[in-house]
Every structure is written in C-alpha cells, then in structure tokens.
Amino acid sequence: QVQLVESGGGSVQPGGSLRLSCEVSGFTLDYYAIAWFRQAPGKEREGVACTNGIEDQKTYVDSVKGRFTITRDNAKSTVYLQMNNLKPEDTGVYYCATRVPTTRNVNTGCLLGIQFWGKGTRVTVPS
C-alpha cells in the first residue's frame with residue numbers, strides 16, 4: 001500500500017527557512033518520481049518541485065527556483081524540500097505525491113500523472 005507522510009511544516013517569518021520531509025512506504029523509492037505540490041488558501045493546487053526516479057532529475061516551478069531544493073534519501077525512503085528565503089506567497093498546504101513508474105511515463109514531466117497523495121503539512125509565512 002503506497003503511503004506518503006509529510007512533516008516539517010510550521011510558521012516562519014519572511015526570509016526564514018523550513019525543511020519539509022516526505023516519508024514513503026509501500027514501494028521502493030529509488031524508482032519513483034516524487035513531487036511536492038502546494039495549495040494556497042482560495043487557490044488551486046500547484047506543482048512546486050519534483051525529482052524523477054533513477055536519474056534524480058529535478059524540476060522547479062519558476063517562483064521557487066533558487067530558493068527551494070528537493071533532495072531524496074532512498075536509504076531512508078524520504079524526500080526533502082528545503083525552503084529558504086520564504087515569502088508570504090509560499091503560504092499553503094504542501095503535499096507530497098507520486099505515481100507508479102511505467103514505460104509510458106518514465107520520460108514525462110514528474111509533476112504529471114500523479115496517482116497518490118499525502119495528507120499535507122501546513123506552511124505559514126505571515127505578511
């Protein structure tokens with residue numbers, strides 16, 4: 001059973017940092033793409049960053065480039081999102097997500113085709 005559990009959210013002042021963790025179970029992390037999404041109050045969920053499987057190629061949405069870093073520790077079955085220089089617009093619930101790797105999706109963007117979601121962790125950056 002695929003499970004993803006996020007942690008590390010909280011409230012931080014603008015310019016501060018947080019590190020989110022996504023601990024996975026029910027599958028071997030090495031082969032799976034993992035993505036972070038967020039949903040701000042009153043807005044649609046958006047992809048933030050992702051890392052694909054074996055090659056660990058990383059993708060970031062423009063608004064977080066240079067500030068957020070996604071890393072994976074396959075031995076710990078955990079993916080991290082280091083968030084620096086946080087801004088009020090980064091406020092939202094952050095979700096970890098994945099999809100079952102197939103020959104059809106292996107070369108598609110790792111923010112696409114999401115099948116499994118965690119329950120989220122809340123990040124608040126007051127204005």
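Under a 3.5 Å cut-off, the side chain of Thr78 and the backbone N or O of Lys76 do form a donor-acceptor pair. Checked by atom type and distance alone, the side chain of Asn105 pairs as donor or acceptor with a backbone atom of Val100 at under 3.5 Å. Side chain of Thr59 to backbone of Ala49: no donor-acceptor contact under 3.5 angstrom is found. At least one donor-acceptor pair closer than 3.5 Å links the side chain of Arg67 to the backbone N or O of Asn85. Under the 3.5 Å distance criterion, the side-chain polar atoms of Glu6 are left unmatched by any main-chain donor or acceptor of Leu20. Without hydrogens or angle criteria, Gln39 side chain to Gly92 main chain gives no donor-acceptor distance under 3.5 Å. Between the side chain of Thr102 and the backbone N or O of Arg104, at least one donor-acceptor pair lies under 3.5 Å. In terms of modelled atom types and a separation under 3.5 Å, the side chain of Thr98 and the main chain of Ala33 share a donor-acceptor contact. Put simply, the side chain of Thr121 gets close to the backbone of Gly9: a donor and an acceptor are under 3.5 Å apart.
Under the 4.5 Å side-chain heavy-atom criterion for grouping Ile, Leu, Val, Met, Phe, Trp and Tyr, Tyr31 is not connected to Val106 through any hydrophobic cluster. Following chains of ILVMFWY side-chain contacts shorter than 4.5 Å, one cannot reach Trp36 starting from Val5, and the two form parts of different hydrophobic clusters. Linking ILVMFWY residues whenever their side-chain heavy atoms come closer than 4.5 Å, directly or via other members, leaves Leu86 and Tyr95 in distinct clusters. In the hydrophobic clustering of this structure, Met83 does not group with Leu111; members are Ile, Leu, Val, Met, Phe, Trp, Tyr whose side-chain heavy atoms approach within less than 4.5 Å, directly or through other members. Residues Val61 and Val123 fall within the same hydrophobic cluster, defined by Ile, Leu, Val, Met, Phe, Trp and Tyr side chains chained together at heavy-atom separations under 4.5 Å.
When all heavy atoms are compared, the tightest approach of Arg72 to Leu29 is NH2-O, 2.6 Å. Across Val93 and Gly120, no two heavy atoms sit closer than the pair CG1-CA, 3.9 Å. Annotation for Gln82 and Ser17: closest pair NE2-CB, 3.9 Å, computed over non-hydrogen atoms. Of all the heavy atoms in Val2 and Leu4, the pair that sits closest is CG1-CD1, 4.0 Å. Taking all atoms of both residues into account, the shortest heavy-atom contact from Phe116 to Ile114 is O-CG2, 3.7 Å.
A distance of 14.0 Å separates CD in Glu44 from CZ in Arg38, rounded to the nearest 0.5 Å. Separation of atoms CD1 (Ile34) and OG (Ser77) is listed at 9.5 Å; rounding is to 0.5 Å. If you take CD1 on Ile70 and OG1 on Thr51, they are separated by 5.5 Å, rounding to the nearest 0.5 Å. Taken from OG in Ser63 to CD in Glu46, the straight-line distance is 5.5 Å, to the nearest 0.5 Å. In this structure, the separation between CD on Glu23 and SG on Cys96 is 10.5 Å, given to the nearest 0.5 Å.
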Evaluation steps, ring-ring contact (aromatic ring centres under 6.0 Å, His included), between Phe68 and Tyr60: CA-CA 8 Å; Phe68 289 13; Tyr60 299 94; 8.2 Å; no
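Between Asn52 and Cys50, the closest side-chain pair of non-hydrogen atoms is not below 4.5 Å. Annotation: side chain of Thr124 is in contact with side chain of Arg122 (closest heavy-atom distance under 4.5 Å). By the 4.5 Å heavy-atom criterion applied to side chains, Thr69 and Leu81 are not counted as neighbours. Contact of the Ser11 side chain with the Pro126 side chain is registered, since non-hydrogen atoms from C-beta on lie closer than 4.5 Å.
Using a 4.0 Å cut-off between a side-chain N of Lys or Arg and a carboxylate O of Asp or Glu, Asp90 and Lys87 do not qualify as a salt bridge.
Between the side chains of Tyr80 and Arg19, no donor-acceptor pair of N or O atoms lies under 3.5 Å.
A cation-pi arrangement is not found for Arg45 relative to Phe37, the charged atom failing to lie both closer than 6.0 Å to the ring centre and inside a 45° cone about the ring normal.
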